[in-house]
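What follows is a short report on a single structure.
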Amino acid sequence: MPALLWLRRDLRVADHPALLAARDAADGELAVCFVVDPVLWEGGGPVRRAWLAASVRAVADKLGGRLVLRAGDPAEVVPALVSELGATSVHVTRETTPTGAQRDRRVRRLLEEGGGGGAGAPAGGASVEWVETGTPYAVGPGLVRNGSGDPYQVFTPFSRAWREHGWPEPAATPRSLDLVELPAEARAEKLLDEALADDDLPTMPDAGEDAALRRWRHFLDDGLSDYASARDRPDLDGTSRLSAYLKVGAVHPRSLLADLAGRRGKGAETYATELAWREFYADVLHHHPRSAWRDLRDGLAGLRYEEPEDAVEAWRTGRTGYPVVDAGMRQLLAVGWMHNRLRMITASFLTKDLHVWWPVGARHFLDHLVDGDLASNNHGWQWVAGTGTDAAPYFRVFNPVTQGEKFDPDGDYVRRWVPELAHLPGKAAHQPWNHPDGYAHGYPQRIVDHAEERREALARYEAARR
DNA sequence: TGCGACTTGGC
DNA sequence: CCAAGTCGC
């Protein structure tokens with residue numbers, strides 16, 4: 001019986017349970033499709049669009065060019081494909097984000113009613129089976145519960161229970177796939193081409209699961225042993241840089257955890273904990289879909305915010321006059337990625353030094369990050385802003401100079417991304433105001449006084465808590 | 001229910 | 001040394 005596998009956040013062939021389920025159901029008549037959905041396509045910025053396009057192209061190659069690419073509303077496109085193929089089942093990896101899950105409910109209902117079908121579908125079609133296999137996570141969101149059966153609100157107990165819950169071994173990689181070929185749709189191909197042709201795109205890594213696995217092997221050999229300490233150093237290449245691949249499902253976290261299982265040491269454990277953060281935030285979003293763009297806790301509902309347009313623009317473009325903040329923001333624009341330490345520093349600066357509401361920053365990050373993930377990004381922002389789970393205590397305000405000197409001790413990171421400071425030696429790059437030539441090459445003056453804004457932020461928090 | 005524990009800091 | 005609320009058991 002013909003079957004259709006609809007790819008979304010699972011753009012790979014290895015360790016893909018839904019692919020295996022679809023193959024087994026199809027009995028030789030399997031088609032694999034990707035739908036360029038205008039809601040997702042236009043909802044994200046050009047960077048995410050380009051990374052997704054590159055990742056789709058990569059999985060198409062991996063499938064021997066037999067990926068069926070279509071454009072349009074999935075509620076029309078998927079039933080139409082089902083008719084074209086005569087499929088009796090549609091297979092997916094379960095989507096767990098609010099919009100993705102809602103879209104899937106809609107498509108599923110249409111298929112099960114048999115009333116879907118785009119143009120040319122036979123009237124009164126038969127019911128089509130909707131099969132969800134696996135999720136983009138080692139443990140599906142919603143499965144980790146505390147002793148009372150409730151979801152966790154705090155990371156550490158979650159991570160313990162998450163490890164205890166465990167996960168299956170990676171799924172087998174299919175030896176060969178005999179896929180049904182359907183006519184390509186020029187409009188969808190054109191959308192991918194356009195997304196990749198943008199002149200203003202940052203430098204992106206190679207897309208696809210082969211590139212992801214190469215990077216992972218390299219990290220296992222070269223990075224893992226120092227990971228626990230190096231991961232916090234933006235001047236070193238201490239992280240795995242896998243986040244963008246995880247985002248599109250070019251690699252499944254279960255595969256990574258399986259490789260870590262055989263390795264002793266702090267690095268392997270710390271890396272697993274970072275994956276646990278990703279799973280925790282997906283779990284939180286699963287239970288609190290509204291927390292994507294609203295305060296998870298309403299304790300700071302009375303906090304007073306500013307909308308300083310010029311200052312926010314200076315933040316976005318990396319011209320705040322605080323070297324480490326500007327380096328982070330420029331790295332984001334240049335390569336579509338920012339070191340995690342910088343995500344915290346720049347987020348703290350926007351929320352506590354400029355007193356701007358966190359969604360303004362979360363939006364900017366999502367628009368420019370190749371790894372932009374709603375759950376991790378927005379809950380991370382809420383952690384900094386003090387409205388999330390496990391929120392940072394409100395009195396914890398990052399000092400951009402202290403942070404810079406601590407985590408970029410030689411100033412290398414700053415000089416790499418802020419050429420106007422490239423002439424300053426060592427950690428002098430963190431304080432151009434203390435160097436006679438500090439502003440010799442056009443670096444902007446500080447737009448605010450950190451000590452003053454810190455006091456202001458604390459006063460505002462104090463007032464809001466009453 | 002009481003109590004230990006809590007990613008990432010600043011001064 | 002400051003600062004503090006709340007989660008989880």
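On a predicted model such as this, the values are computed, not experimentally measured, just so you know. Residue numbers start from 1 in every chain, and the chains themselves are labelled A, B, ... in the order their sequence lines are given, proteins ahead of strands.
Screening residues 36-56 of chain A for side-chain hydrogen bond (donor to acceptor under 3.5 Å, both in side chains), with sequence neighbours left out, gives no hits. Applying the side-chain hydrogen bond (donor to acceptor under 3.5 Å, both in side chains) definition to pairs two or more places apart or across chains, those involving residues 347-359 of chain A are A:D295-A:W358, A:D353-A:H450, A:H355-A:E453. Listed by first then second residue, pairs satisfying side-chain hydrogen bond (donor to acceptor under 3.5 Å, both in side chains) with a partner in residues 282-293 of chain A read A:S291-A:H379, not counting sequence neighbours.
A straight line from CZ of A:F155 to C1' of B:dA5 spans 14 Å, rounded to a whole angstrom. Rounded to whole Å, atom P of B:dG10 lies 15 Å from atom OH of A:Y461. Whole-Å rounding puts the A:E405 CD to B:dG9 P distance at 15 Å. Going from atom NE2 of A:H450 over to atom C1' of B:dC11 covers 11 Å, rounded to whole Å. Between the NZ atom of A:K406 and the C1' atom of B:dG9 there is a distance of 7 Å, rounded to whole Å.
Distances shorter than 4.0 Å separate some side-chain N or O of A:Q403 from OP1 or OP2 on B:dG10. Listed pair A:N399 / B:dC11 meets the phosphate criterion, a side-chain N or O lying under 4.0 Å from OP1 or OP2. Within the 4.0 Å cut-off from OP1 or OP2 of B:dT8, at least one side-chain nitrogen or oxygen of A:R396 is found.
Using cut-offs of 30° and 60° on the angle between ring planes, the pair A:W277 and A:F155 is parallel.
Qualifying salt bridge (Lys or Arg N to Asp or Glu O under 4.0 Å) partners for A:K62, counting only residues two or more places apart in sequence or in other chains: A:D210. Here A:R316 pairs with A:E313 under the salt bridge (Lys or Arg N to Asp or Glu O under 4.0 Å) rule; sequence neighbours left out. Evaluation of the side chain to side chain donor-acceptor pair (under 3.5 Å) rule for A:W162 yields A:E279 as partners, not counting sequence neighbours. The salt bridge (Lys or Arg N to Asp or Glu O under 4.0 Å) test applied to A:R9 returns A:E95, A:D373, not counting sequence neighbours.
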Hey, can you pull the donor-acceptor pairs under 3.5 Å for the side chains in residues 252-264 of chain A, sequence neighbours left out?
| unit_1 | atom_1 | unit_2 | atom_2 | d |
| --- | --- | --- | --- | --- |
| A:H252 | ND1 | A:R254 | N | 2.9 |
| A:H252 | NE2 | A:T135 | O | 2.9 |
| A:R254 | NE | A:D15 | OD1 | 3.0 |
| A:R254 | NE | A:D15 | OD2 | 3.3 |
| A:R254 | NH2 | A:D15 | OD1 | 2.8 |
| A:S255 | OG | A:D15 | OD2 | 2.6 |
| A:D259 | OD2 | A:W216 | NE1 | 2.7 |
| A:D259 | OD2 | A:R217 | NH2 | 3.3 |

With a cut-off of 3.5 Å and sequence neighbours excluded, list every side-chain donor-acceptor pair involving residues 194-205 of chain A.
| unit_1 | atom_1 | unit_2 | atom_2 | d |
| --- | --- | --- | --- | --- |
| A:E194 | OE2 | A:K190 | NZ | 3.2 |
| A:D198 | OD1 | A:D200 | N | 2.8 |

Item to check | Reading 5' to 3' through nucleotides 4-9 of chain C, protein heavy-atom contacts under 4.0 Å coded B for base, S for sugar-phosphate only, - for none | outcome: SS-SSS
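A 4.5 Å side-chain heavy-atom check between A:P74 and A:R106 finds every atom pair outside the cut-off.
If you check residues 345-357 of chain A against DNA chain C, you find no residue with a heavy atom closer than 4.0 Å.
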Item to check | Base-pairing string, 5' to 3', of DNA chain B - Watson-Crick or wobble, under 3.5 Å, | interstrand | outcome: .|||||..||.
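Among the atoms of the strands shown, only primed sugar atoms or phosphate atoms (P, OP1, OP2) are found under 4.0 Å from some heavy atom of A:R454.
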